[in-house]
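Everything numeric in this text was worked out from a predicted model, so none of it was measured. Chain letters run A, B, ... following the sequence lines, proteins first and then strands; every chain starts at 1.
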2 protein chains.
Amino acid sequence: MDSQQKNLHSSEMPAVCRVCDARHGGVCATLTPAQLFELNRHSTRRKVDAGNELIGQGESVSHYSNILSGVIKLSKMMADGRQQIVGLQFAPDFLGRPHLCESTMTAEAATETEICSFPRSLIERMANETPGLERKLHTQSLKELDEAREWMLTLGRKTAQEKVASFLYMIATHIDPDHGEQNTFDLPLSRADIADFLGLTIETVSRQMTKLRKDGVILVENNRHVTVPCLDRLSAAAGND
Amino acid sequence: MDSQQKNLHSSEMPAVCRVCDARHGGVCATLTPAQLFELNRHSTRRKVDAGNELIGQGESVSHYSNILSGVIKLSKMMADGRQQIVGLQFAPDFLGRPHLCESTMTAEAATETEICSFPRSLIERMANETPGLERKLHTQSLKELDEAREWMLTLGRKTAQEKVASFLYMIATHIDPDHGEQNTFDLPLSRADIADFLGLTIETVSRQMTKLRKDGVILVENNRHVTVPCLDRLSAAAGND
DNA sequence: TTCCCAATTTGATCGACGTCAAAGTTCTCG
DNA sequence: CGAGAACTTTGACGTCGATCAAATTGGGAA
């Protein structure tokens, strides 16, 4: 019975959604098949190359998106060009600030990214009709708030060494490892982006990476590929006790 | 008819709620009279002196609160004692992290504060039953997220001078001014708290306050009382263009 | 492969902010 | 009103991370 229900369920679902990761953990997980069909009718999937801007600071927002793969960086810029990355978003996060039409930041693809976009108004309406969706969006906002506050501690009180280690630790625990054994991954951000995230300069980031490497806390190949032999040592370098 | 409805409404409301500020703008504004009665039956109002801790980092949370007056500071502390204030909350904000039972920070009264507390479970249940309440909590989370990200920019990229000016500007625009004419107010935080908020030391905060005073951007009496003759000049000193 | 350009690293120097110390101010409470 | 404590300001000096400059590495195109 249960399996029959499931089959019925999946056959009622748009084909693209059936194989889409956002069904698991993303906002779509809260929608009924009928809603999925409606959303699907107005949604577009696309690939975005690294470095491309999705939303500009101060622009009005007409679309929200699900992140299907890749990493998005959210950043704020001052009039004189100083920049600060204020958040990173990974699949299957929801991209967009509910209940507000003008963006207060820039959203840019940090890596090659795949997104599924739909009209703002449609999501707003569905959120009103579907408590589960509103709740899901709320939950993600709270997660982002927790992360933002964690970074406030990092930005305000940690040393350059601890900042870089904290960043690596966050990436190591957010990216699915290539192997189960050792923790190894590609950095989704350039040194310049890491600097903008940590409130440092490129040079300082580089020096601290070198130091962590010489101390044996991390291994680095080709600048972007990092291996963490012992996550606890990295955590300690990050100042987490 | 409308006024009759209103009278009926207010007569059905708990007496304490009728004169309570949280009815305007607070979460209670979304509740029905019946819900207000139920909430009221399980709620306690109390005064908290400046410096008293409401929730400790790592503690499990059994109660949420409305802030009726005063200022609450939310802070995180590292194992070695370094501290960062990650948020300030003013009346009629809601105090508590929905959908999570363990607090990741300390909540402490910055000034004398009046709060109205109720059991966590009751709010969670009402949020499930009342889309408007869930929505209201969501809205506040988003506001806090916007503020947190604004502060990430301040912490990561602004100079000490700009940080102090940004703080004063934020307070000036959040506190109701004593007079309509000039912008004058009491600082809700000590120099030590301001330092913990801005990721600076007490001495640096003091020096920057002195500089802003000598530059005529602010007037200071008795350390705590500040007057801002021209809000635009303060805004400029804060680096907002 | 080889060249070229961008990204990263490394080095030398500087300055903003932290640290340490002491003096001054404001608040509290008897 | 006065004494003591807590908070704030001011000064001298040190340090971490920024700045400026140059060398090195890596990746993509011909």
At under 4.0 Å, does any side-chain N or O of [X] touch on OP1 or OP2 of [N]?
X	N	value
Thr204(A)	dG17(D)	no
Thr210(B)	dT10(D)	yes
Ser206(B)	dT10(D)	no
Arg191(B)	dT9(D)	yes

Between the side chains of [Y] and [X], is the shortest nitrogen-to-carboxylate-oxygen separation below 4.0 Å, so that they form an ion pair?
X	Y	value
Asp146(A)	Arg97(B)	yes
Glu144(B)	Arg149(A)	yes
Lys143(B)	Asp93(B)	yes

- Note on the structure: Looking only at heavy atoms, the pair that brings Met209(B) and Val164(B) closest together is SD-CG1, 3.9 Å
- Message: Can you give me the closest heavy-atom contact between Phe94(A) and Gln140(A), atom names plus distance?
- Response: O-NE2, 2.8 Å
In whole Å, what is the span from the [atom1] atom of [X] to the [atom2] atom of [N]?
X	N	atom1	atom2	value
Glu203(A)	dT24(D)	CD	P	17 Å
Leu200(A)	dC17(C)	CG	P	14 Å
His225(A)	dT25(D)	NE2	C1'	18 Å
Leu189(A)	dT8(C)	CG	C1'	15 Å
Arg213(A)	dT8(C)	CZ	P	13 Å
Lys211(B)	dC17(C)	NZ	P	11 Å
Arg224(B)	dT28(C)	CZ	P	11 Å
Arg157(A)	dC17(C)	CZ	C1'	12 Å

- The answer to which of Asn222(A) and Thr159(A) contacts DNA chain D further toward the 5' end, by nearest nucleotide, is Thr159(A)
Name the closest nucleotide to the [X] side chain, picking from [options].
X	options	value
Arg207(A)	dG11(D), dT8(C), dT19(D)	dT19(D)
Ala160(A)	dT8(C), dG17(D), dA18(D)	dG17(D)
Asn223(A)	dT26(C), dT8(C), dT19(C)	dT8(C)

